[in-house]
Amino acid sequence: MSRKIQIFNTLTRKKEVFNPIVENHVGMYVCGPTVYGDPHLGHARPGITFDVVFRYLKHSEYKVRYVRNITDAGHLENDADEGEDKIAKKARLEQLEPMEIVQFYTISYHKAMADLNCLPPSIEPRATGHIIEQIEMVQQILKNGFAYEVNGSVYLDVNKYNEKYPYGTLSGRNIEDTLEGTRSLDGQTEKKSAVDFAIWKKASPEHIMRWSSPWGEGFPGWHMECSAMSEKYLGKTFDIHGGGMDLVFPHHEAEIAQSNACNACNPVNYWMHNNMITVDGKKMGKSLGNFINLEEFFNGSHDKLERAYAPMTIRFFILQAHYRSTVDFSNEALQAAEKGFTKLMNAMETLGVISASDTSTYDANALEEKCYTAMDDDFNTPILIAHLFDGVRIINSVKDGKESLNSVDLEKLKNIFNTFVTDILGFISSKESGENNLTNEVMDLVLQLRTNAKKSKDFETADLIREELDKAGIQIKDSREGSSWEVKN
RNA sequence: GGUAUCGUGGCCGAGUGGCUAGGCUAUGCUCUGCAAAAGCAUCUACAGCAGUUCGAAUCUGCUCGAUACCUCCA
């Protein structure tokens, strides 16, 4: 491959040229959802971000194994529930089996991701399906002397670990700072040091999700699943690990420590983190009460939403910002994105009907080059989209007869749009899914009648048709070649 | 308190030591029977202060402000 992809590596805080471990192959692990609640905007960001990374790497002729976990064992909760498993807690409240809840929300998550046109990962392992692997890993860490058992729980001995491996390299912390900022938590009396973290936890009597282990009945520690499953499917060291920025510490820092403690090698070469989504300038969070789930977005039922927004509008909106920037959701911004997206997709359609000339006033090759350059630079989708809008202007100008493209450039432009808009950015026209042939045929007839009316200067009828369709939410667009229509938002 | 990130035009949002980001909005023009769409044009910003430099919005320092992580979270 002649092009070089640069990735911003959280580990070094620099952009680095991407070189995979195995030539032409990429192993990528992304932290997936904890399936104990409805999928929300926060899930959309990494879903879409790494979907584009996945698509672009594949387009760049890498064979990619994309692993994204489903966390169904639940993480610990450190509130009044005394460390009760999240999923177990919800199950008890709703009188359901834990796996029933897990199943329900896993399906919701899959549906939301499909709506957003995110490709399914290559492997989607579940934490509960890999308890044995996690126990084995804990055993190995114990054997290597980096962990200790207390009363049925096993903790990673961070101070001991830090003697051999630097702890805190990913998040830029050291043990002293971490200790200083650590609050007193439940179960801390068992730990040798406040910075130690559980890799296996003893199950309390009310804990429903529990497994037998060499240390008694319990469940895996907060961070074990990712270490165990990434190693199983991608190896002891793999290329890319992704996730939200909020996972840098402690989750990913712990993963690095576990892998080093177990395998004596760094698990990941390139760490990628997407930034947070904000609503009204604040992080969306359960505790803040400002979180909007995806279903509410798609049907507009949340109080903060003026109306519904299509999944593709959200996808476009998210990709119009760089993945390492925060993106603030507001009705105004979403509606602007929606219009921009419609403009882009309309140009895609126009591209299919314009015809070639003998000469070109535009260099399509230069556009292609710019698009690749943008994506090679740490997956810069906003720049890519800006370049594509340059193409949009050309397409519309060609239609107006103000610019021209020869057949070579026209084909190239079609190729660019299919590649970048459809394949890489993953945008699909809402028309494709929303309407059927019957509608199209009826509309063709209506437009034909209106055109006839216009020809015979019966503007009263022509305007009546236009106005009535407008009331029904259909917009008529006249041009030299004839009329077309689209459903208004 | 510790660790990071960020402050860009009416709004959203890129970028960067010197040359137009882009989208949305607004105004004008062109096209059109009219309108819409589309094209063109205009509105030309980089929190504040000081420094480095021939030149900084871009580098350095300070000030102010915002956000995030340090606790489950994407």
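Below, chains carry the letters A, B, ... as their sequence lines are ordered, and counting in each starts from 1. All heavy atoms count here, side chains included; hydrogens, waters and symmetry mates do not.
At a cut-off of 3.5 Å, with distance as the only test, no side-chain donor of Asn365(A) or Glu369(A) sits close to an acceptor on the other residue. A donor and an acceptor atom, one from each side chain of Tyr167(A) and Asn159(A), are nowhere located under 3.5 Å apart.
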Can Asp328(A) and Thr278(A) be said to form a side chain to side chain donor-acceptor pair (under 3.5 Å), step by step?
CA-CA 5 Å; Asp328(A) 192 49; Thr278(A) 57; 2.7 Å; yes

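Base engagement by Asp463(A) is indicated by at least one non-hydrogen atom pair under 4.0 Å involving a base atom. At the heavy-atom level, Ile277(A) lies under 4.0 Å from base atoms of the strands shown. At a threshold of 4.0 angstrom between heavy atoms, the contacts of Lys454(A) include nucleobase atoms, whether or not backbone atoms are also involved. Within the nucleic acid shown, Gly42(A) comes within 4.0 Å of at least one base atom, counting heavy atoms only. Within the 4.0 angstrom heavy-atom criterion, base atoms lie near Asp478(A). Within the 4.0 angstrom heavy-atom criterion, only backbone atoms of the sugar-phosphate kind lie near Ser171(A); the bases stay farther away.
Arg315(A) contributes a side-chain N or O that, together with a main-chain N or O of Asn117(A), makes up a donor-acceptor pair within less than 3.5 Å. Distance alone, capped at 3.5 Å, is enough to place a donor-acceptor pair between the Asp72(A) side chain and the Ala127(A) backbone. A distance-only check finds a donor-acceptor pair linking the side chain of Arg210(A) to the backbone of Ser204(A) [under 3.5 Å].
Applying the 4.0 Å criterion to OP1 and OP2 of rC69(B), one finds that Lys283(A) has a side-chain N or O inside that range. Of the side-chain N and O atoms in Asn346(A), none sit less than 4.0 angstrom from OP1 or OP2 of rA37(B). Put simply, His43(A) has a side-chain N or O that comes within less than 4.0 Å of OP1 or OP2 on rA74(B). One finds no side-chain N or O of Asn274(A) lying less than 4.0 angstrom from the OP1 or OP2 phosphate oxygen of rA74(B). Taking 4.0 angstrom as the limit, Ser325(A) places a side-chain polar atom (N or O) nearer than this to OP1 or OP2 of rA14(B).
Distance Asn293(A) CG to rA74(B) P: 14 Å, rounded to the nearest Å. The separation between Phe317(A) atom CZ and rG13(B) atom P is 6 Å, rounded to whole Å. For the pair Ile385(A) CD1 and rG23(B) P, the computed distance is 12 Å after rounding to whole Å. If you measure from atom CG of Asp377(A) to atom P of rA14(B), you get 13 Å, rounded to the nearest angstrom. Arg393(A) places its CZ atom 9 Å from the P atom of rG23(B), with the value rounded to the nearest Å. At whole-Å resolution of the value, NE2 in His387(A) and P in rG22(B) are 10 Å apart. Nucleotide rA38(B) holds its C1' atom 18 Å from the CE atom of Met345(A), rounded to whole Å. When the P atom of rU5(B) is taken as reference, atom CG of Asp246(A) falls 17 Å away, rounded to whole Å.
Comparing Thr278(A) and His40(A) by the nucleotide of RNA chain B that holds the closest heavy atom to each, the one mapping nearer the 5' end is Thr278(A). Each of Ala336(A) and Arg324(A) lies near RNA chain B, and the nucleotide nearest Arg324(A) is the one positioned closer to the 5' end.
Taking only side-chain atoms of Phe459(A), from C-beta outward, the nucleotide of rG33(B), rG39(B), rC11(B) with the closest atom is rG33(B). Closest to the side chain of Asp400(A), from the set rA37(B), rA14(B), rA38(B), is rA38(B). Here the nucleotide nearest the side chain of Arg450(A), chosen from rG33(B), rU30(B), rA21(B), is rG33(B). Side-chain atoms of Gln475(A) lie closest to rA36(B) of the nucleotides rA38(B), rA74(B), rA36(B). Taking the side chain of Phe249(A) as heavy atoms from C-beta on, and the options rA37(B), rC69(B), rA74(B), the nearest nucleotide is rC69(B).
Pairing for rC19(B) is absent, judged as Watson-Crick or G-U wobble with the two contacts each under 3.5 Å. Both distances falling under 3.5 Å, in either a Watson-Crick or a G-U wobble arrangement, place rC49(B) opposite rG61(B). rA66(B) is paired with rU5(B) under the Watson-Crick or G-U wobble criterion, all donor-acceptor distances under 3.5 Å. Nucleotide rU27(B) is matched to rA41(B) when pairs are restricted to Watson-Crick or G-U wobble geometry with both distances under 3.5 angstrom. Nucleotide rC34(B) forms no Watson-Crick or G-U wobble pair with any nucleotide shown, as no partner meets the under 3.5 Å limit on both distances.
Scanning both residues, Phe249(A) and Ser171(A), for their nearest heavy atoms gives CD1-OG, 3.4 Å. What you find for Glu225(A) and Tyr29(A) is that their closest heavy atoms are O-OH, 4.3 Å.
Stacking of the aromatic ring of Phe389(A) onto the base of rG23(B) is not found under the criterion of centres within 5.5 Å and planes under 30°.
Of the C1' atoms belonging to rU8(B) and rG15(B), the separation is 10 Å, rounded to the nearest Å. The C1' atoms of rG10(B) and rU27(B) are separated by 13 Å, rounded to the nearest whole Å. Across rA14(B) and rC29(B), the matching C1' atoms stand 29 Å from one another, rounded to whole Å. rU42(B) and rA35(B) are spaced 24 Å apart, taking the P atom of each and rounding to whole Å. Comparing the P positions of rA74(B) and rA36(B) gives a spacing of 46 Å, expressed to the nearest Å. Across the P atoms, rC12(B) and rU52(B) are found 35 Å apart, a figure rounded to whole Å. Annotation: rA4(B) and rG39(B) have their C1' atoms spaced 46 Å apart (nearest Å). When the C1' atom is compared between rG13(B) and rA21(B), the two are found 10 Å apart, to the nearest whole Å.
Salt bridge annotation for Arg450(A)-Asp478(A): present, with a cationic side-chain nitrogen under 4.0 angstrom from a carboxylate oxygen.
No N or O donor and acceptor, one from the side chain of Asn380(A) and one from the base of rG15(B), sit under 3.5 Å apart. Applying the 3.5 Å distance criterion, the base of rA36(B) shares no donor-acceptor pair with the side chain of Arg466(A).
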